[in-house]
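Written out below as structure tokens is the structure these notes cover.
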Amino acid sequence: MSPNADPARRTDSFSAPGPSRRRVLGAATGASLALAAGVAGAGAGAAADLPLLGTYDVVVVGSGAAGMTAALTAAKQGLSCVVLEKAATFGGSAARSGAGIWIPNNPVILAAGVPDTPAKAAAYLAAVVGPDVPAERRQAFLGNGPAMISFVMANSPLRFRWMEGYSDYYPELPGGLPGGRSMEPDQLDGNILGAELAHLNPAYLAVPAGMVVFSADYKWLTLAAVSAKGAAVATECLARGTSAALLGQKPLTMGQSLAAGLRAGLLTAQVPVRLNTPLSDLYIENGAVTGAVVTRNGASGLVRARRGVIVGSGGFEHNAAMRAEFQRQPIGTAWTVGAKENTGDGIQAGRRAGAALDLMDDAWWGPAVPLPDQPYFCLAERTLPGGLLVNAAGARFVNEAGPYSDVVHTMYDRNPGAPDIPAWLVVDQNYRNRYLFKDVAPTFTFPDSWYTSGAVYKAWTLDDLAGRIGVPAAALRTTVSRFNSLALSGTDSDFHRGDSVYDHYYTDPAVLPNSCLAPLWLPPFYAFRIVPGDLGTKGGLRTDGRARVLRPDGTAIPGLYAAGNASAAVMGHSYAGAGSTIGPAMTFGYIAALDIAAT
């Protein structure tokens with residue numbers, strides 16, 4: 001029997017009556033320390049009387065990729081465990097994502113023939129991250145990532161596919177791989193979750209009805225109207241969907257597959273996931289974190305941890321006050337695609353417990369169009385030939401096809417002196433006749449709400465378009481003319497678009513001599529408002545190579561661990577490749593659970 005099912009080792013019910021003061025605190029000393037800590041959600045005077053909602057070896061906060069991987073690892077190490085989730089659904093931002101996973105030298109990519117080695121990976125990550133992240137943490141990620149993937153495949157139904165050709169983001173750096181190291185979850189039948197499938201956090205963008213689509217398919221679906229391979233991939237996606245329907249399956253891919261697969265592993269290991277149970281604060285006794293104070297059914301309660309608490313509660317992208325405190329302006333909560341429950345609860349609790357914070361000014365940035373229903377995170381659209389980005393002066397300012405985080409870093413770096421927020425993605429009708437934009441097929445009209453909201457403008461001349469978006473008409477004409485001459489030559493001597501292998505991933509191979517570049521010539525012209533979007537924030541609790549949360553003096557807070565976007569990213573201010581969020585999140589969740597088991 002799983003330790004999580006052993007009634008002698010856990011309290012499974014979250015509706016048990018409140019226990020005595022002795023049971024909650026154990027000793028008067030512990031009570032006085034808890035009171036001094038000012039436990040949130042219960043009031044200092046009532047801290048000792050919090051009802052006990054369960055006792056486990058390990059308490060995990062958050063049911064995203066970091067939290068569920070940590071919980072699965074803890075359970076398989078023989079520890080009793082519970083996952084506490086703020087939302088009414090499980091999966092967090094991971095479930096909403098494309099679920100790229102960047103882990104060098106993992107068994108999946110090696111089996112696919114990727115020419116990776118530990119030396120290459122170490123050289124590349126060091127070159128990408130630089131001095132922002134200690135070597136100990138980089139080595140911990142690289143050394144434990146492959147074992148984590150093997151562990152997850154052995155203890156859940158998850159299987160993975162190499163995203164062939166999705167280059168590392170800086171393949172020209174030492175150790176970089178032009179063919180890429182990224183992978184994604186394979187197709188999974190949601191029926192394995194039974195009734196629990198209804199609690200899966202929905203995807204950020206729904207897969208087209210009747211199709212089964214992988215992240216690696218989207219580059220070709222975008223080109224389906226103009227590419228034989230694109231049309232073949234679309235046919236294959238439809239065939240997968242038809243086959244799944246005939247078999248009575250509920251096919252899941254991308255983040256839906258990842259979250260469902262991890263949840264299925266937890267079901268088998270009998271690890272409970274408590275939804276609608278937000279963290280109020282960490283519980284501290286004798287200087288050590290020994291539990292989590294949560295809100296359940298409108299009342300505060302304590303979930304005790306014998307061995308440790310792992311914070312995997314996500315970033316603070318939906319906390320306007322924290323974004324204003326730590327990040328550059330303009331910023332807000334309307335441009336992120338992270339899970340709406342990510343308001344920094346775990347980071348704030350760790351800060352109150354004495355933790356140091358790092359990288360709070362940064363996020364997993366990407367250019368986004370602020371559509372009226374939700375922001376749209378642009379990947380292919382800004383890279384495809386026939387489009388360019390201009391600022392308020394009507395001038396180009398960046399390599400549009402570069403890594404998406406770099407584009408937004410440039411927007412912020414330049415904005416105080418040469419306003420680049422918002423920027424504008426300018427394209428012509430030839431572009432619209434050839435390529436999918438979000439979910440709008442080529443030649444199809446955009447929804448009226450896109451225009452009325454100011455997210456998109458359309459005009460029959462560049463001068464008219466310039467007037468509509470508020471940039472100098474002469475400057476925009478000059479910029480487009482210069483861009484067109486560069487496109488015809490195939491060489492972007494201004495911003496080097498197309499110089500890197502990475503630049504060509506989301507492009508049109510039929511366009512020559514440079515698949516990134518094509519002139520704008522066919523009216524009408526379109527301009528899409530571009531703002532600094534993000535997949536989530538990347539700053540949080542400072543941790544070491546064992547995922548222990550550290551104080552400003554470098555000492556570890558006993559009993560407290562963090563992984564995922566609640567912790568400062570091992571990628572520092574950069575981004576090694578597709579999946580640099582989820583790969584480390586899962587790995588450090590795994591590391592945290594192993595460290596608790598070992599100590």
Side-chain angles (χ1 to χ4, degrees), residues 65-66 69-70 73-74 77 100-110 114-152 168-171 173-177 180-183 308 310-312 355-359 362 364 538-551 553-557 560-599:
T69 302
T73 307
Q77 290 294 309
I101 299 172
W102 194 86
I103 295 178
N105 293 293
N106 75 69
V108 175
I109 65 172
L110 293 181
V114 175
D116 204 2
T117 68
K120 287 181 183 178
Y124 178 67
L125 190 59
V128 169
V129 173
D132 292 332
V133 176
E136 174 207 18
R137 291 195 67 218
R138 300 197 309 266
Q139 292 163 0
F141 165 59
L142 295 174
N144 287 276
M148 181 276 293
I149 290 297
S150 295
F151 167 82
V152 166
D168 286 341
Y169 286 177
Y170 307 96
L173 290 178
L177 296 185
R181 295 175 162 100
S182 301
M183 63 179 188
I310 303 173
V311 177
L357 305 181
D358 282 330
L359 303 176
D362 217 339
W364 302 99
K538 64 162 33 177
L541 305 174
R542 182 185 300 168
T543 57
D544 63 11
R546 294 161 59 182
R548 300 180 302 174
V549 175
L550 303 178
R551 303 182 181 94
D553 64 5
T555 59
I557 299 175
L560 184 59
Y561 295 77
N565 287 352
S567 62
V570 74
M571 294 293 159
H573 289 289
S574 196
Y575 212 135
S580 291
T581 307
I582 293 177
M586 296 175 70
T587 300
F588 281 103
Y590 172 77
I591 289 171
L594 291 182
D595 195 73
I596 291 173
T599 56

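We count residues from 1, following the sequence as given. Values below: all heavy atoms of this structure, side chains included; hydrogens, waters and symmetry mates excluded.
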Open item on the list: The test is side-chain contact (heavy atoms from CB on, under 4.5 Å); show your working for Leu125 and Met571 and say whether it passes.
Closed with: CA-CA 8 Å; Leu125 190 59; Met571 294 293 159; 3.9 Å; yes
Task: Heavy-atom side-chain contact between Val549 and Val311 under 4.5 Å - done: no
TODO: Report yes if some heavy atom in the side chain of Met586 is under 4.5 Å from a heavy atom in the side chain of Phe151; otherwise report no.
DONE: no
Open item on the list: Testing the basics here: between Ser182 and Ala578, what is the closest heavy-atom pair and its distance to 0.1 Å?
Closed with: OG-O, 2.6 Å
Open item on the list: To the nearest 0.5 Å, what is the distance between CG on Asp116 and CD1 on Ile103?
Closed with: 11.5 Å
- [ ] Quick one: closest heavy-atom pair of Ile591 and Ala140, and the distance?
- [x] CD1-O, 3.7 Å
Task: Minimum heavy-atom distance between Val108 and Met183, given as atom pair plus value - done: CB-SD, 3.7 Å
TODO: May I have the step-by-step check of side-chain contact (heavy atoms from CB on, under 4.5 Å) for Val129 and Val570, ending in yes or no?
DONE: CA-CA 8 Å; Val129 173; Val570 74; over 6 Å; no
Task: N/O donor-acceptor pair under 3.5 Å between Thr69 side chain and Ala66 backbone - done: no
TODO: Mind checking the NZ-CG spacing from Lys538 to Asp362? Nearest 0.5 Å is all I need.
DONE: 5.0 Å
Task: Taking every non-hydrogen atom, the tightest pair across Ala556 and Arg551 - done: O-NH1, 3.1 Å
Task: Nearest-0.5 Å distance that lies between atom OG1 in Thr543 and atom CD1 in Ile557 - done: 11.5 Å
- [ ] Calculate, to the nearest 0.5 Å, the distance between atoms CD1 and CD1 belonging to Ile149 and Ile109 respectively.
- [x] 9.5 Å
TODO: Answer yes when Arg548 and Asp544 have at least one side-chain N-carboxylate O distance shorter than 4.0 Å, and no when they do not.
DONE: yes
- [ ] I would like to know whether Trp364 and Ser580 meet side-chain contact (heavy atoms from CB on, under 4.5 Å); could you show each step before the answer?
- [x] CA-CA 9 Å; Trp364 302 99; Ser580 291; 4.1 Å; yes
Open item on the list: With a 4.5 Å cut-off on side-chain heavy atoms, are Leu173 and Val128 touching?
Closed with: yes
TODO: Please list, chain by chain and in numerical order, all residues satisfying side chain to side chain contact (heavy atoms under 4.5 Å, CB included) with Arg542, sequence neighbours excluded.
DONE: Ala356, Asp358, Leu550
Task: Interatomic spacing from CH2 in Trp102 to OH in Tyr575 - rounded to 0.5 Å - done: 12.0 Å
- [ ] Kindly indicate whether the side chain of Ile596, heavy atoms from C-beta on, has any atom under 4.5 Å from the side chain of Ile310.
- [x] yes
- [ ] For Tyr590 and Asn144, test the side chains for any donor-to-acceptor distance below 3.5 angstrom and give the result as yes or no.
- [x] no
- [ ] Might you point out which heavy atoms bring Pro104 and Pro146 nearest each other, and give the distance in Å?
- [x] O-CG, 3.5 Å
Task: Approximate separation, where rounding is to 0.5 Å, of Phe588 CZ and Met148 CE - done: 10.5 Å
Task: Partner set under side chain to side chain contact (heavy atoms under 4.5 Å, CB included) for Leu359, not counting sequence neighbours - done: Ala568, Ala569, His573
